[in-house]
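To keep things clear, I will list the structure first and then write my remarks on it.
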Amino acid sequence: MSTGSAVAEPTRTSVAGPLGEARAQLAEAAAILGYDAAETAVLAAPRREVTVSIPLRRDDGTTEVLTGHRVQHNLSRGPAKGGLRYSPDVDLDEVRALAMWMTWKCALLDVPYGGAKGGVVIDPRQYSTAELERVTRRYTSEIMPMIGPTRDIPAPDIGTDEQTMAWMMDTYSVASGHTVLGVVTGKPISLGGSLGRASATSRGVVYTALAALRHLAIDPASATAAVQGFGKVGRGTARFLDEAGVRVTAVSDQYGAVWCGDGLDLPALEDHVDRTGSVTGWSGAEPVENDVLLALDVDLLVPAAVEGVIHRGNAAAVRARVVVEGANGPTTTEADRLLEERGVLVVPDILANAGGVVVSYFEWVQANQAYWWSEAEVEARLADRMAGAWQDVLAASRQHDCSLRTAATCLAVRRVAEAHRQRGLYP
């Protein structure tokens with residue numbers, strides 16, 4: 001097994017944190033586009049944000065007070081759109097950054113939304129299903145004036161799922177006096193969810209990963225990959241890469257990582273994870289440290305967990321030729337520069353993981369029309385959107401002689417700025 005030199009333990013953020021990273025990316029794009037300080041400040045500032053207290057009656061009868069946030073970054077192109085995250089690491093600046101990235105993501109994929117994000121400071125693994133339902137319903141009731149199918153449409157994120165969205169939809173609907181299917185996306189199919197939504201982010205990552213490999217004249221059938229994170233995005237990404245012929249040699253979760261040079265038996269690994277809750281302890285592969293996975297000698301690396309895992313301290317050890325960001329903000333600005341200097345192609349998050357928001361948009365359209373599409377229709381339309389966005393970003397990168405991230409951000413920022421100018425400033 002060749003793993004290269006050991007790298008530092010991944011940290012969740014750089015010194016600047018995700019908000020600093022998001023603002024730095026905007027500043028670079030604004031400079032290239034020639035925007036002045038005032039216009040850049042308007043684009044950087046969140047439109048609305050709220051922090052709420054969430055009193056929770058625990059199953060044992062005690063009461064605990066949790067904190068929740070919702071940030072709407074920009075509304076120039078349409079209602080806000082963004083996930084709801086349950087994590088003990090949630091903080092307001094992180095939510096602000098994620099909302100900004102959602103604005104650019106929606107604009108880049110030409111989805112008629114602005115960006116939003118929400119989060120509750122909670123470790124969902126430490127709470128019962130009944131407690132999580134009470135948290136979700138109270139959080140929803142507290143932010144209800146901000147959300148709605150024409151205002152702000154939440155979706156699942158880290159620590160939340162289709163059941164969370166069902167509770168949110170029901171809480172909003174009860175308060176409205178009628179069922180409002182379009183208030184959230186990522187719902188169960190039986191409650192107006194879209195076929196293909198659960199796998200959409202992973203499929204989008206794989207569409208762009210395969211396009212990036214081919215761009216570098218790497219045959220996917222002879223390529224190798226490592227996937228950091230084996231949750232909602234990483235697990236599907238590994239499976240779809242495997243189905244496309246890419247040899248997935250390593251995956252990880254928060255508990256550890258596993259490696260097999262001949263390629264992992266993904267169905268067997270998924271069965272193990274379903275039974276045990278982790279990739280660790282699986283007899284079909286060799287255990288390795290999480291930080292070692294980032295330095296494996298593979299063609300493709302997919303960071304699909306949290307922000308800031310590739311940073312100044314470990315970017316030099318990354319040996320992959322292509323990094324495709326399945327997570328939001330997994331590569332810091334400094335690491336981006338170091339990877340670019342070494343010729344590593346980085347496909348940015350606002351392009352690579354946009355499949356989820358694209359199919360969320362499809363779900364919202366279907367709910368508003370009360371007419372549902374087949375899974376084949378959803379996947380075909382998703383593939384078209386991702387392919388078009390890839391070509392747009394590649395062309396912009398060549399035009400401006402810049403990285404894919406800078407090109408993608410410039411395209412998105414310009415679209416948002418144009419919408420803002422056309423609407424004008426009120427009053």
Side-chain angles (χ1 to χ4, degrees), residues 3-25 28 87 89 94 97-98 101 104-105 158 201 205-206 208-209 212-213 216 223-231 233-234 237-238 241 248-254 256-257 259 288-354 402-409:
T3 63
S5 59
V7 296
E9 181 69 18
T11 58
R12 192 171 159 276
T13 63
S14 71
V15 173
L19 184 58
E21 302 293 342
R23 287 174 172 167
Q25 292 163 12
E28 181 183 15
S87 168
D89 298 320
E94 175 195 57
L98 293 167
W101 282 323
W104 312 143
K105 189 180 301 183
I158 293 172
T201 304
V205 170
V206 173
T208 52
L213 289 171
L216 295 183
T224 55
V227 179
Q228 186 257 342
F230 205 66
V233 178
T237 296
L241 284 172
V248 180
T249 61
V251 300
S252 68
D253 59 22
Q254 60 186 312
W259 173 88
V288 295
E289 295 297 322
N290 277 338
D291 55 352
V292 170
L293 179 141
L294 299 173
L296 289 172
D297 186 9
V298 292
D299 297 299
L300 170 66
L301 174 62
V302 182
V306 294
E307 307 93 63
V309 295
I310 303 176
H311 48 80
R312 179 177 59 181
N314 63 14
V318 173
R319 303 173 71 187
R321 294 178 62 187
V322 181
V323 175
V324 177
E325 296 185 329
N328 292 313
T331 310
T332 68
T333 300
E334 291 175 297
D336 233 7
R337 177 180 54 80
L338 293 171
L339 293 174
E340 186 178 3
E341 289 173 354
R342 295 176 48 225
V344 178
L345 182 68
V346 178
V347 182
D349 48 4
I350 62 172
L351 171 60
N353 68 32
C402 63
S403 69
L404 294 181
R405 186 186 311 282
T406 300
T409 307

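This one's a predicted model, so the numbers in the text were calculated from it and none came from an experiment.
We find the CG-OG1 distance between Asp336 and Thr406 to be 7.5 Å, quoted to the nearest 0.5 Å. Expressed to the nearest 0.5 Å, how far CG of Leu293 lies from OG1 of Thr249 amounts to 7.5 Å. Between the CH2 atom of Trp104 and the CG atom of Asp349 there is a distance of 13.0 Å, given to the nearest 0.5 Å.
Heavy atoms only, all atoms of each residue included: Pro348 and Ala408 are closest at CG-CB, 4.0 Å. Across Val205 and Gly326, no two heavy atoms sit closer than the pair CG2-CA, 3.9 Å. Contact detail for Ala225 and Leu241: the closest heavy-atom pair is CB-CD1, 4.2 Å. The minimum heavy-atom distance linking Ala335 with Ile310 is given by the pair CB-O, 3.4 Å. Closest approach of Cys402 to Ala407, counting heavy atoms only: SG-N, 3.7 Å. Closest non-hydrogen pair, Ile350 versus Trp101, comes out as CG2-O, 3.7 Å.
When atom types are taken as modelled, the side chain of Glu21 and the backbone of Thr333 share a donor-acceptor pair closer than 3.5 angstrom. A donor-acceptor pair is defined here as one N or O able to donate and one able to accept, closer than 3.5 Å; no such pair exists between the side chain of Asp253 and the backbone of Gln228. Remark: side-chain polar atoms of Ser252 are not paired, donor with acceptor, to backbone N or O of Asn290 under 3.5 angstrom.
Arg321 places none of its side-chain heavy atoms less than 4.5 Å from the side chain of Leu300. Side-chain contact between Ser403 and Val346: absent, with no pair of heavy atoms (C-beta onward) separated by less than 4.5 Å. Counting only heavy atoms from C-beta outward, the side chains of Val306 and Ile158 approach each other to under 4.5 Å. At least one side-chain heavy atom of Val318 sits less than 4.5 Å from a side-chain heavy atom of Leu339. Side chains of Asn328 and Asn353 form a contact here, defined as non-hydrogen atoms less than 4.5 Å apart.
When each of Leu294, Val344, Asp297 is checked for a side-chain contact (heavy atoms from CB on, under 4.5 Å) with Arg319, only Asp297 meets the rule.
Glu340 has no carboxylate O lying under 4.0 Å from a charged side-chain N of Arg405, or vice versa, which leaves the two without a salt bridge.
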Item checked: CA sep, side-chain torsions, deciding dist, call: Leu301, Val322, side-chain contact (heavy atoms from CB on, under 4.5 Å) -> CA-CA 6 Å; Leu301 174 62; Val322 181; over 6 Å; no
